[in-house]
Amino acid sequence: MIWIVKNLWLIPALPLFAAGIIAVNKQPARKLAASLAIGSMAIGFLLSLCAFAATLGHHGEGAFREVFSFPWIQFGGQWMTIGWVLDPLTAIMLVMVTFVGMLIFIFSVGYMAHDQNFMRFFCFLALFASGMLGVVIANNLLLLFISWEIVGLTSYLLIGFWYHKPSAAAAAKKAFITTRIGDLGLLIGMVWLYAETGTLNFYEEGRGCLEQSALATMLAHVTIGGLAVSTVIGLLIFLGAVGKSGQVPLHVWLPDAMEGPTPVSALIHAATMVAAGVFLVARVYPLMAAGALIGEHSIPTTTSLTVVTWIGAITAIFAASIAVAQNDIKRILAYSTVSQLGYMMMGIGVGGVAVGMFHLITHAFFKALLFLGSASVIHGCHEEQDIRKMGGLRKYMPVTFLVYAIGMLALAGFPLLFSGFWSKDEILHHAHEWPISQIPFYLGCTGALFTAFYMTRQVALVFYGTYRGHEKSAAHGHSGHGHAAAHNHDPHESPAVMTVPLMILAGFAILLGLIGTPAWPWFDGYLNGEGVKVDFAKLQETAGLMGVSALIVISGISLGIFLYGKRQRQTSAEQDVLEAAQPALFKLLQNKYYIDEFYEATVIRFNEFAAWLCDFFDQYVFGGLVKLVSYVTVGLSWAYRLMDENYVNFAFDDFCEGLRKGGGGISKMHTGRVQTYLRIIGVALVALVIMLVWGHLI
């Protein structure tokens with residue numbers, strides 16, 4: 001066994017240890033907190049590279065996988081074992097999470113420099129990273145679930161980090177509760193899986209729950225509606241992924257997660273939490289694809305994968321359309337994340353693990369770049385987040401503008417030069433070949449058009465035109481000093497501790513596309529353990545679809561430039577171009593299709609009614625029965641007391657009093673004087689004589 005397999009636990013343990021040290025350290029120890037958190041991620045990154053190198057050493061020899069398991073807990077006569085697994089899926093995720101996470105940690109040093117809770121922030125960040133890394137290495141669904149819940153807890157802590165803001169506290173609760181709905185499905189699926197297979201280990205020398213014998217057992221068992229048990233369990237596990245990765249209909253928490261500090265948004269939306277759901281589906285893909293018939297040129301099609309595909313496609317177009325009408329720079333990116341997660345799910349559904357995971361990896365870098373870039377913009381604009389109050393920032397923040405433009409083009413999927421083009425194009429290519437329906441392909445194309453458009457709109461309003469933030473500063477300035485106040489509030493470039501991570505991420509946003517082109521599909525071969533060669537002829541096979549994809553992206557960018565680039569907004573109060581053209585549609589999109597209001601009117605109101613009903617039954621039915629029993633008991637006790645005091649005690653006391661008096665009378669005759677006794681005897685004899693005489697006379 002390779003040494004790194006046995007020591008894989010160190011990668012999540014290091015940030016966990018750092019979080020513990022930071023938590024018990026005295027305030028303020030800012031340098032120590034930042035050094036521990038960043039250092040733990042840096043060492044974790046080096047260990048991840050060792051794991052990655054170990055999998056590369058077996059590249060082209062078939063699927064590489066090594067596991068390390070050990071007994072953990074005993075119940076009855078049975079031991080449950082847990083452990084970790086090293087395979088290409090684990091290795092590539094470890095490298096991505098530790099590297100992107102480390103850059104976000106470094107960026108946070110500058111962004112949170114003046115926050116009084118700096119140490120608490122890095123403690124939560126380290127714990128968050130530890131939970132995600134635990135999810136990645138787990139070879140046991142229970143261990144994965146434990147780490148999964150650590151991620152959920154720390155997301156609650158980080159989203160609500162500024163707890164003094166009611167909106168942040170509400171967003172944290174919303175995220176926690178919404179994801180619990182999905183986690184309930186995951187928990188039920190986990191219990192059911194254990195009941196069917198007797199193990200929660202994914203791989204265990206042929207006995208794991210994702211290996212052939214267990215899958216065959218689950219396929220042989222049929223449940224409600226004629227579905228195989230494997231299908232139902234797969235869908236329950238997928239429900240957990242729907243909650244964590246913000247898929248329709250459990251997407252509502254994710255945009256509100258913007259209330260946390262922006263580096264948190266980058267960590268949640270790029271490398272960790274939302275990626276956990278996609279990773280989970282990729283990890284249990286053998287369960288999802290169980291029983292599928294695979295032809296020579298076809299891909300697995302099962303009920304589970306079909307559901308994954310449709311949910312992903314609907315989420316992709318749904319969230320992308322909402323982003324078109326948002327004005328908060330972070331909220332636009334949040335809905336973009338929801339949409340791109342939909343693409344990842346669709347990619348796994350129509351093309352397999354490698355297709356969805358390639359987009360997950362590329363998205364992690366350019367979305368982290370965009371969120372950290374938005375943090376740089378917000379920092380430079382004195383905490384302003386409304387893109388209507390920005391403008392012209394490219395001359396104030398040239399470095400941020402350059403890297404943000406790279407991230408925008410990568411997300412939009414600009415042809416050939418950026419990683420987002422290749423990963424998105426591979427998803428669309430497989431969706432086009434999906435044998436069940438072409439609708440997800442068309443939804444994906446429409447979502448790509450929307451993505452290119454709303455990102456162009458955002459860049460045009462933020463970086464082009466004239467700066468509109470002076471309106472606020474001038475309005476708050478004193479008479480005669482408005483210009484000076486406005487000048488003092490000019491945007492400014494972020495420090496190097498923030499811009500250097502942005503430049504590194506920008507480089508990867510471009511270069512990562514090279515590992516997944518049709519001419520050299522290295523990433524696909526790496527995950528599947530197959531050797532690949534450079535073959536430019538394959539570019540011709542996909543040239544038509546690539547042309548369509550490129551045309552869609554260029555059309556979206558061109559439309560954005562036409563509407564927002566040619567005619568620049570002059571004031572923040574000016575009506576949006578789309579709003580002026582289609583006010584009803586714009587309002588619908590701006591209000592997110594009123595999904596939150598719908599949930600408020602249905603699910604939440606039903607929950608409130610159910611709570612009221614339970615309270616009513618508790619107070620007036622069950623509580624009434626309890627009170628009735630108590631009243632009856634009190635009444636009976638009162639009656640018993642009445643009988644006791646007025647009848648039992650009365651009769652008993654009178655009887656006792658009679659006995660006392662009788663005894664007292666008799667005691668008077670026992671004086672001890674002979675004369676008294678003789679008198680009594682004399683009286684008794686006289687009485688006896690009288691009785692005898694009277695009886696004789698009668």
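Predicted model, so just to flag it, every value in this text is computed and none were measured.
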Show your reasoning for whether side-chain contact (heavy atoms from CB on, under 4.5 Å) applies to K592 and E597.
-> CA-CA 9 Å; K592 304 159 288 186; E597 289 77 5; 5.7 Å; no
Specify whether F463 and F401 have parallel, tilted or perpendicular ring planes, treating 30° as the upper limit for parallel and 60° as the lower limit for perpendicular.
->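 Ring orientation, 0 to 90° scale: tilted.
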Hey, what's the ring geometry for F606 with F609, parallel, tilted or perpendicular (30° and 60° as the breaks)?
->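 Tilted.
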Closer than 3.5 angstrom, by distance alone: can the side chain of [X] be matched with the main-chain N or O of [Y] as a donor-acceptor pair?
X: S339; Y: Y335; result: no
X: W612; Y: N607; result: no
X: R457; Y: F453; result: no
X: R468; Y: L461; result: yes
X: S245; Y: G277; result: yes
X: Y599; Y: V252; result: no
X: S130; Y: A126; result: no
X: E384; Y: D386; result: yes

[X] side chain near [Y] side chain, heavy-atom distance below 4.5 Å:
X: M132; Y: T98; result: no
X: F238; Y: I311; result: yes
X: F128; Y: S155; result: yes
X: I268; Y: I159; result: yes
X: V151; Y: T272; result: no
X: F107; Y: L502; result: yes
X: L341; Y: V278; result: yes
X: H492; Y: Y396; result: no

May I ask you to decide whether [X] forms a salt bridge with [Y], counting only side-chain N to carboxylate O separations under 4.0 Å?
X: E259; Y: K174; value: no
X: E600; Y: R605; value: no
X: D576; Y: R388; value: no

Just wondering, are more than 12 heavy atoms of other shown residues or ligands nearer than 6.0 Å to [atom1] in [X]?
X: Y163; atom1: OH; value: no
X: H114; atom1: NE2; value: no
X: K165; atom1: NZ; value: yes
X: Y156; atom1: OH; value: no

Which value, rounded to the nearest 0.5 Å, describes the distance between [X] atom [atom1] and [Y] atom [atom2]?
X: L127; Y: L153; atom1: CG; atom2: CG; answer: 7.0 Å
X: L144; Y: M190; atom1: CG; atom2: CE; answer: 9.5 Å
X: L585; Y: L588; atom1: CG; atom2: CG; answer: 6.0 Å
X: K244; Y: T178; atom1: NZ; atom2: OG1; answer: 11.5 Å
X: L333; Y: S265; atom1: CG; atom2: OG; answer: 9.0 Å
X: I387; Y: I329; atom1: CD1; atom2: CD1; answer: 7.5 Å

Provide the closest heavy-atom pair for [X] versus [Y] in the form atom of the first, atom of the second, distance.
X: G447; Y: I317; result: N-CD1, 3.7 Å
X: L236; Y: I188; result: CD1-CG2, 3.9 Å
X: V281; Y: A241; result: CG2-CB, 3.7 Å
X: P255; Y: A334; result: CA-CB, 3.8 Å
X: N327; Y: Q590; result: ND2-NE2, 3.2 Å
X: M498; Y: G110; result: SD-C, 4.0 Å

I would like to know whether L280 and W148 meet side-chain contact (heavy atoms from CB on, under 4.5 Å); could you show each step before the answer?
-> CA-CA 10 Å; L280 175 62; W148 182 276; 3.7 Å; yes
For residues H251 and F318, establish whether the separation of their ring centroids is below 6.0 Å.
->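 For H251 and F318, the ring centres are under 6.0 Å apart.
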Using a 3.5 Å cut-off and no angle test, enumerate the donor-acceptor pairs between side-chain atoms of residues 356-374 and protein atoms at least two apart in sequence or in another chain.
{"unit_1": "H359", "atom_1": "ND1", "unit_2": "S423", "atom_2": "OG", "d": "2.8"}
{"unit_1": "H359", "atom_1": "NE2", "unit_2": "Q340", "atom_2": "OE1", "d": "2.8"}
{"unit_1": "T362", "atom_1": "OG1", "unit_2": "F358", "atom_2": "O", "d": "3.2"}
{"unit_1": "T362", "atom_1": "OG1", "unit_2": "H359", "atom_2": "O", "d": "3.1"}
{"unit_1": "T362", "atom_1": "OG1", "unit_2": "S423", "atom_2": "OG", "d": "3.0"}
{"unit_1": "H363", "atom_1": "NE2", "unit_2": "K367", "atom_2": "NZ", "d": "3.1"}
{"unit_1": "K367", "atom_1": "NZ", "unit_2": "S336", "atom_2": "OG", "d": "3.1"}
{"unit_1": "K367", "atom_1": "NZ", "unit_2": "T337", "atom_2": "OG1", "d": "3.0"}
{"unit_1": "S374", "atom_1": "OG", "unit_2": "F371", "atom_2": "O", "d": "2.6"}

Side chains of [X] and [Y] only: does a donor on one sit below 3.5 Å from an acceptor on the other?
X: Y593; Y: S321; value: yes
X: Q458; Y: Y404; value: yes
X: D115; Y: W162; value: yes
X: E493; Y: T400; value: yes

Given Y111 and T262, is the side-chain hydrogen bond (donor to acceptor under 3.5 Å, both in side chains) satisfied, shown in steps?
-> CA-CA 9 Å; Y111 189 84; T262 308; 3.2 Å; yes
Tell me, please, whether F122 has R120 positioned over its six-membered ring: NZ or CZ under 6.0 Å from the ring centre and within 45 degrees of its axis?
->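 Output no; distance or angle outside limits.
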side-chain contact (heavy atoms from CB on, under 4.5 Å) evaluation trace for L393 with C381 | CA-CA 9 Å; L393 296 187; C381 292; 3.6 Å; yes
Could you walk me through whether L267 and L125 pass side-chain contact (heavy atoms from CB on, under 4.5 Å), step by step?
-> CA-CA 9 Å; L267 198 62; L125 280 186; 3.5 Å; yes
